[in-house]
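First the proteins, then the strands, lettered A, B, ... as listed; each starts at 1.
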Protein chains: 2
Amino acid sequence: MIASEILKGKIASYALALGSPKRVLKRNEFLISKGSVERNMYIVESGSLRIFVRNNSGEITLRFGYKGSWMTSFPSFLTGKPSEFYIQAIKKSRLLVIQKKDFYHFIGSSPEHSELWIKMLEEFAVQQLDREIDVLTRSPLERYKRLLERSPTVFQEIPNKYIASYLRMSPETLSRLKKP
Amino acid sequence: MIASEILKGKIASYALALGSPKRVLKRNEFLISKGSVERNMYIVESGSLRIFVRNNSGEITLRFGYKGSWMTSFPSFLTGKPSEFYIQAIKKSRLLVIQKKDFYHFIGSSPEHSELWIKMLEEFAVQQLDREIDVLTRSPLERYKRLLERSPTVFQEIPNKYIASYLRMSPETLSRLKKP
DNA sequence: TGAAATCCTTGATTTTTGCCAAAAAAAGTT
DNA sequence: AACTTTTTTTGGCAAAAATCAAGGATTTCA
């Protein structure tokens, strides 16, 4: 039903058949840092990670990954330019590595596959617009409730301080919202 | 160079050849409201518009359109579900209408066209991630400066109160930022 | 072009949320 | 399991931005 899930399954099988490598990250280790070019996609087999950027005022959390998630510095992967994003393991994590050339070979290997990629990009666009609304929502309480409704799993997988950053509020504010 | 620009040009020619209709909106008139299904894409020929959603605390501005912009309730167009978005003319506007079936016919009519659509979706994804960072940036001043740098045109085309909403701040705050 | 409506600016006030600090709780490490 | 480190919670305070209100400036439209 969901293109990104179907594509993920197919790509994972394909990568396994090719003997694609795994990557294991220790807690706090970086998968990619600002300035390097992302040449892979990853599928999380275990553990959890976060994507963030640094700016003047600190860190901004953009996305989390845990078992089953796609993971990459998407703009860098797509454009070949250096990444603005950092990806860091929150806990020890194990990832399946899919190299860019393999990825595009797979996508280009049939109209069906390229159609799946289109669908996945369309889904991403829609999700991303939803995320924009989430982030623009005024009240911290509403932002919290939206996330709780949409991805309750996050609260089991990810420490609060990162969720707070993802919800653009301080950890203290999030902590207080969770009480009543 | 930029796929969305190339595709826009090609689609516009195609639509004109088909005799696609135009749509003229008066100031404040709605192109689409929440609940209706978007069956078209539009290219703005003149005027200006905004895309927004309503929530408990008021309106959230997601995007502007002016001469040359693509315009549609993207999630509704893609999924066929009712729109959450409103699109309203800020001033009298004239749009080229591209019907969904024509759009997909065009996209499917050659691998080159479908490749352009892929590129356009990829560009959208990257832009959208940039927009996410813009919105998450802590200080109103920085958000203002980022927009000023990235799309100075907006300030010539769009009333401040809408820009303020787009930058998630009150019109008063934006007004004060513009002084020093 | 002139009246009406809308929008922008400015100052005063209030609310919200961030920041700091310290204690409690949880998780990670050996 | 004990110890260390990290994270969460709680309270008090400060800063930032929203709201309210009113006057001035633009735009719109007949």
*Asks:* Any side-chain N or O of B:S175 under 4.0 Å from OP1/OP2 of C:dC8?
*Replies:*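 Indeed not, no polar side-chain atom of B:S175 lies that close.
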*Asks:* Between A:K8 and A:E5, does any NZ, NE, NH1 or NH2 come within less than 4.0 Å of an OD or OE carboxylate oxygen?
*Replies:*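 Salt bridge: yes.
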*Asks:* Need the bend value for the helix from C:dT9-D:dA22 to C:dT30-D:dA1: angle between end axes, 5 pairs each end, nearest 10°.
*Replies:*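 Here the helix ends are tilted 50° relative to one another.
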*Asks:* Given side-chain contact (heavy atoms from CB on, under 4.5 Å), test B:K34 with B:R54 step by step and report yes or no.
*Replies:* CA-CA 9 Å; B:K34 178 172 178 168; B:R54 280 196 233 275; over 6 Å; no
*Asks:* If I compare all heavy atoms of B:E38 with all of B:T72, which pair ends up nearest, and what's the gap?
*Replies:*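 Where B:E38 meets B:T72 most closely, the heavy atoms are CG-OG1, 3.1 Å.
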*Asks:* For a side-chain contact (heavy atoms from CB on, under 4.5 Å) check, start with the C-alpha distance between A:W70 and A:M120, then their side-chain angles and the critical distance, and finish with the verdict.
*Replies:* CA-CA 11 Å; A:W70 286 105; A:M120 179 168 161; 3.4 Å; yes
*Asks:* Between A:E122 and A:K119, does any NZ, NE, NH1 or NH2 come within less than 4.0 Å of an OD or OE carboxylate oxygen?
*Replies:*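 Between A:E122 and A:K119 there is a salt bridge, with a charged N closer than 4.0 Å to a carboxylate O.
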*Asks:* Is the CG atom of B:L16 crowded by more than 12 outside heavy atoms at less than 6.0 Å?
*Replies:*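 Counting other residues, nucleotides and ligands, CG of B:L16 exceeds 12 neighbours.
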*Asks:* Among residues 149-171 of chain A, which residues get a heavy atom nearer than 4.0 Å to DNA chain C?
*Replies:*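 Those residues are A:R168, A:M169, A:S170.
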*Asks:* Is there a side-chain polar atom (N or O) of B:K179 under 4.0 Å from OP1 or OP2 of C:dT10?
*Replies:*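 B:K179 to C:dT10 OP1/OP2: side-chain N or O found under 4.0 Å.
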*Asks:* Would you compute the distance between atom CG of A:L174 and atom OH of A:Y162 and round it to the nearest 0.5 angstrom?
*Replies:*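 It comes to 14.0 Å.
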*Asks:* Can a cation-pi geometry be assigned to B:R131 and B:Y166, taking NZ or CZ under 6.0 Å from the six-membered ring centre and within 45° of the ring axis?
*Replies:*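 Yes, cation above the ring, under 6.0 Å and within 45°.
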*Asks:* Specify the residue among B:I90 and B:P140 whose closest nucleotide of DNA chain D lies further upstream toward the 5′ end.
*Replies:*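 Checking each residue's closest nucleotide, the 5'-ward one belongs to B:P140.
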*Asks:* Expressed as a whole number of angstroms, how long is the span from A:L174:CG to D:dT8:P?
*Replies:*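 It is 9 Å, rounded to the nearest whole Å.
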*Asks:* Name the residue closer to the 5' end of DNA chain C, choosing between B:T173 and B:R27 according to the nucleotide with the nearest heavy atom.
*Replies:*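 Residue closer to the 5' terminus by nearest nucleotide: B:R27.
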*Asks:* Are A:F85 and A:F77, when compared by the centres of their aromatic rings, separated by less than 6.0 Å?
*Replies:*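 No, the ring of A:F85 stays outside the 6.0 Å limit from the ring of A:F77, centre to centre.
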*Asks:* Round to a whole Å and report the spacing from CD of B:E142 to P of D:dA16.
*Replies:*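 Spelled out: CD on B:E142 to P on D:dA16 is 13 Å.
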*Asks:* In whole angstrom, give the distance that lies between atom NZ of B:K178 and atom P of C:dT10.
*Replies:*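 These atoms are roughly 11 Å apart.
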*Asks:* Return the 5'-most residue of the pair B:E172, B:R138 with respect to DNA chain D, ranking by each residue's nearest nucleotide.
*Replies:*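 This one resolves to B:R138.
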*Asks:* For the side chain of A:R176, counting heavy atoms from C-beta on, which of D:dT28, D:dT10, C:dA12 is nearest?
*Replies:*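 The closest nucleotide is D:dT10.
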*Asks:* Within this structure, what is the CG-to-P distance between B:L177 and D:dA17, rounded to whole angstrom?
*Replies:*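 In whole Å, D:dA17 P and B:L177 CG are 8 Å from each other.
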*Asks:* Rounded to the nearest angstrom, tell me the gap between atom OH in A:Y144 and atom P in D:dT8.
*Replies:*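 That distance rounds to 13 Å.
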*Asks:* Specify the separation, in whole Å, of atom CG of A:N28 and atom P of D:dT5.
*Replies:*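 A:N28 atom CG is separated from D:dT5 atom P by 14 Å.
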